[in-house]
There are 2 protein chains.
Amino acid sequence: MLSKKTKYGLKALTYLAAQKGNKPVQISEIARHENISQKFLESILLSLRKTGVLGSKKGKGGGYYLIRDPEEVLMTDVMRILEGPIAMVPCVSLNFYEKCDDCPDEVGCSVHRLMLKVRDSALDVYRNTTLADLIP
Amino acid sequence: MLSKKTKYGLKALTYLAAQKGNKPVQISEIARHENISQKFLESILLSLRKTGVLGSKKGKGGGYYLIRDPEEVLMTDVMRILEGPIAMVPCVSLNFYEKCDDCPDEVGCSVHRLMLKVRDSALDVYRNTTLADLIP
DNA sequence: AATTACTCTATCTGTTTAATAGAGTAAACA
DNA sequence: TGTTTACTCTATTAAACAGATAGAGTAATT
């Protein structure tokens, strides 16, 4: 299940991408437009800023803005920041790999092989979708 | 993230599919072989029986067995039983559809459109994989 | 200097997951 | 027919996580 964090984050990013120009947009404006709890959105935008997707400007006329053009923001990056691993199981994760403690043989594991296929299909989607594709 | 329920369920199904013949296999045997808590596995196999994937036989020499040939057990069915919806968001789910209460316009929703693509790619995998493909 | 808005930490509640315990029931076999 | 074996079901629990909220603090603009 997609977390609300990711859902809200994607909506906020799309909202920013749809702006004319690249002026900072206030959190409150995004929250209002997208029906998101402002405080929750704060923490989401903060994590997007810390990972280099967004920039922020303080003071009057401040807010958040995209660092790069929407065409250059890949869904692989966004999803990993917001949702975490793209793989459904750590043992098939590219960026968050972890060995299963319960299964001795990774190659012979049926779950491993199935989830590898699922991961590849999801990666294929995320690698070929940018923030620009999400703008309505 | 894949739940342990699904993980264990898939392992148990694969174990049963790999059996010669189709004699009932005891829960305890499966649990031992696959490092699964026996009690937890009980409830998983039970749900697979109630949904027509497995059959069971009581008494001495009893246990669980596959109802159909492994080639005829689709991952779409197994995943829906064990993990629930294949879609990451209810508003793009085929079998578990639910409208989002927070977003007014489904067609204009960026999350909706992205998750539709992800669902389709996952479905493509599950529809073309049977239990037989999981046997090592 | 005052305002505005971002930054950060801490806390809280509800839900879900995973696991466990234990009593009950049904079928097989001697 | 009775005993064994193994499945069936309900209830309970602990841990983890998601989602949301509160409030004090800091930085930049006018």
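What you see is a predicted model, and the numbers here were worked out from it, not measured in a lab.
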DNA chain D contacts among [range], heavy-atom distance under 4.0 Å:
{"range": "residues 1-9 of chain A", "answer": "A:Ser3, A:Lys4, A:Lys5, A:Tyr8"}
{"range": "residues 35-58 of chain A", "answer": "A:Ser37, A:Lys39, A:Phe40, A:Lys57, A:Lys58"}
{"range": "residues 84-98 of chain B", "answer": "none"}

With [X] via side chain to side chain contact (heavy atoms under 4.5 Å, CB included) - residues at least two apart:
{"X": "A:Lys58", "result": "none"}
{"X": "B:Leu116", "result": "B:Val92, B:His112, B:Arg119"}
{"X": "B:Lys4", "result": "B:Tyr8, B:Phe40"}

Compile the donor-acceptor pairs under 3.5 Å between side chains in residues 64-75 of chain A and protein atoms, sequence neighbours left out, one pair per line.
residue, atom, partner, partner atom, Å
A:Arg68, NH1, A:Glu72, O, 3.1

**Q.** Contacts of type side-chain hydrogen bond (donor to acceptor under 3.5 Å, both in side chains), residue B:Gln38, not counting sequence neighbours
**A.** none
Q: Walking along DNA chain D from 5' to 3', note the first and the last nucleotide with an atom under 4.0 Å from a heavy atom of chain B, and give both.
A: D:dT5 to D:dC9
Q: Any pair with a residue in residues 82-97 of chain B that passes side chain to side chain donor-acceptor pair (under 3.5 Å), sequence neighbours left out, goes on the list, sorted by first then second residue, please.
A: B:Ser3-B:Glu83, B:Thr6-B:Glu83, B:Tyr97-B:Glu106
Q. By ring pair (Phe, Tyr, Trp, His ring centres under 6.0 Å), which residues pair with A:Tyr15, not counting sequence neighbours?
A. A:His33
Below 3.5 Å is the cut-off: list the nitrogen or oxygen pairs between protein and nucleotides 11-14 of chain C, distance only.
none

